[in-house]
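Below is one structure, written out as structure tokens; comments come after it.
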Amino acid sequence: MTARTQALDMLRAVARKDADGRILHQFATDPGRVDRMGVDAAGLYLDLSKQAWSAEGFEAALDLARACDVEGRRKALFGGEAVNNTEGRAVLHPALRAADDADFRALGEPVSAEVAAARKAMARFATDVGSGAEGGGTNQPFTAIVHIGIGGSDLGPRVLWDALRPLEPVIDLRFVANIDPREMGEALAGLDPETTLVVVVSKTFTTQETLANAELAKAWLAESLSPKRMVHHLIGVTAAPDKAAAWGCGRTFAFRDWVGGRYSLWSAVSLSVAVALGWDVFERVLNGARAMDAHFLEADLECNAPVLLALAQIYNVEGRGRMARTVAPYAHGLRRLPAFLQQLEMESNGKRVKRDGSPVDTATSPIVFGEPGTNGQHAFFQQIHQGPMVVPAEFIVVGHTTDAAMDAREGDAPLWSNALAQAQALMVGKSEAEARAELIAAGADAAEADRLAPHKTFPGDRPSTTILMDALSPEAVGALIALYEHKTFVEGVIQDINSFDQWGVELGKALAKAVLADVAAGEPSAGLDPSTAELMKRLMV
């Protein structure tokens, strides 16, 4: 029996014992709980004391991380080893936000100088567009950017823009991901081709949805601009710059294949955001992520924010069978964060085999979903409070969501007080006896109180983590995203899976091409299954 197997068995055994107690009671028996399970990291504060683990469960989770050599795998990641073993690649998104004088290497090849040069080119372009020195084909300054991408080429930059955009941006940034032409129509509405920059982001420059949307944008530009002038409006961001140039991009910004799509927002993938926000803001995002990298590398496991956040999920999924998690950011600017985390975590760790190809011996990624608070309170929170399935929650709470100098009692307090109250309510709950007493105190007779009390009972004992940010600053946003990147990596290490490939995306894409070939032929192919053939016939009418 391996050390990992022994540690997993111990975690499961302790979790079964923990199930007999309640979270609230842990505070009475473990007076140091809040201090031990609270972590300051790169400007964020994490409170994991409302998780379901006991002090023994917390230690068992740490023992599991040690048995899985999280520290050694962390060293391999930052050392540029082939941690993406199925594709033989290094995974070096931390290099993208490292200092210019860093010395990152991908499989031994120095890459930091290349990263610094690419960053300088981005900074120069962002500054020139912002000042008007770089304009379109008719020499007018750009007033709008249409960013075309999908998946990691879309979600990361969207999160940054939503979180940090000014109320009245100088440059209007719009995103297009869906192949439905309606999204492109909405993005182009009201824009002037002569003052619009189109940025096409595709790692391979073969992504079907992205190229289809790019063709629509190019046709829109061509209605007003000659081919010679139009090239000034088309920017490619890709690991295949030759393909982007052949397609018609007048300029390209490259990134390497050791940058995974869902980890790529630190690269030229966020060129649009760097231009629209200003390079100084984007650089502060990189600084925040770099601070989280330093914390992840240097902090001991027992006070390491990404490690503990990962272990809480491992405990819930593996120890308690809780296969869903909700993320509730209490900030309008973070409204797209749950969607970003869906891709980051479910595409990274939604795997059925281990690194060696054998079947997994643990559960893997839970279902990740969420909405901003307080919106979610009036939607799915009913289920997480009173439904039979326990869904762990993460509350992301921002002390000051705007730059306005407001008294906390009149400004952000109604927002963050809801977050604190929801986390408390999930843990504390309300017994049937308490519900009945409240009804009697409110004037209900005994029969009515007996009838309604079960409906007003809350089981409680539902775990949550709270992450505090003082403000929605560029540094804090960068640190938050890097926190979740490293959390996802740690979970993959413990589950012994490759978090950096995504073969599950490929089959559907290949079959979509076959379906399109049948559409072009005018009828379903002979070998198509009856259901798909019937659906196709109806849609081709």
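From a predicted model like this one, the values you see are computed outputs, not experimental measurements.
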Kindly say whether E345 contributes a backbone atom to a donor-acceptor pair with the side chain of S348 at under 3.5 angstrom? no
D501 side chain vs T86 backbone, donor-acceptor pair below 3.5 Å: no
Considering only NZ, NE, NH1 and NH2 on the basic side and carboxylate oxygens on the acidic side, decide whether R262 and D154 come within less than 4.0 Å. no
Between CD1 of I148 and CZ of R174, what distance do you get to the nearest 0.5 Å? 13.0 Å
Do the charged groups of R97 and D293 touch, with an N to O distance under 4.0 Å? yes
Tell me whether D69 contacts the main-chain N or O of G72 through its side chain, where contact means a donor paired with an acceptor under 3.5 Å. yes
Ignoring hydrogens and geometry beyond distance, is a side-chain donor-acceptor pair present between Y330 and Q422 at under 3.5 Å? no
Above 12 or not: heavy atoms from other molecules or residues under 6.0 Å from CG of D100? yes
Would you please say whether a donor-acceptor pair under 3.5 Å links the side chains of Q26 and D18? no
Between the CZ atom in R22 and the CZ atom in R462, the distance rounded to the nearest 0.5 Å is 9.5 Å
Donor-acceptor contacts, no H, no angles, side chain residues 363-375, under 3.5 Å, sequence neighbours left out:
residue: T364; atom: OG1; partner: N349; partner atom: O; Å: 3.4
residue: T364; atom: OG1; partner: K351; partner atom: O; Å: 3.2

Side chain of N85, backbone of R355: donor and acceptor closer than 3.5 Å? yes
For residues L311 and L62, determine if any side-chain heavy atom of one lies less than 4.5 Å from a side-chain heavy atom of the other. yes
How long is the straight-line distance from NE2 of H25 back to CG of D461, given to the nearest 0.5 Å? 8.5 Å
Would you mind checking if R119 and E114 are paired as a salt bridge, meaning a charged N to carboxylate O distance below 4.0 Å? no
Is there a side-chain contact between E475 and V285, using heavy atoms and a 4.5 Å cut-off? no
Pairing of R33 and D35 as salt bridge, 4.0 angstrom limit: no
Any heavy-atom pair between the side chains of M10 and D63 that's under 4.5 Å? no
Residues at least two apart in sequence or cross-chain that pass ring pair (Phe, Tyr, Trp, His ring centres under 6.0 Å) with W53, listed by chain then number, are F58, Y315
Within the side chain of H295, is there an N or O that forms a donor-acceptor pair under 3.5 Å with the backbone of A305? yes
Counting only N and O atoms by type, is there a donor-acceptor contact under 3.5 Å from the side chain of S264 to the main-chain atoms of S267? no
Report yes or no: does R74 contribute a side-chain atom to a donor-acceptor pair with the main-chain N or O of F296 at less than 3.5 Å? yes
Salt bridge check, E491 against K487: does any charged N sit closer than 4.0 Å to a carboxylate O? yes
Any side-chain to backbone donor/acceptor pair from N418 onto P414? Under 3.5 Å, distance only. yes
Given 3.5 Å as the limit, does a donor-acceptor pair link the side chain of T238 with the main chain of S202, or not? yes
Whether D47 side chain and S49 backbone form a donor-acceptor pair below 3.5 Å: yes
Determine, stepwise, if the pair L44 / L480 fulfils side-chain contact (heavy atoms from CB on, under 4.5 Å). CA-CA 8 Å; L44 309 180; L480 181 69; 4.2 Å; yes
Classify the ring geometry of H486 against F78: parallel below 30°, tilted from 30° to 60°, perpendicular beyond 60°. tilted
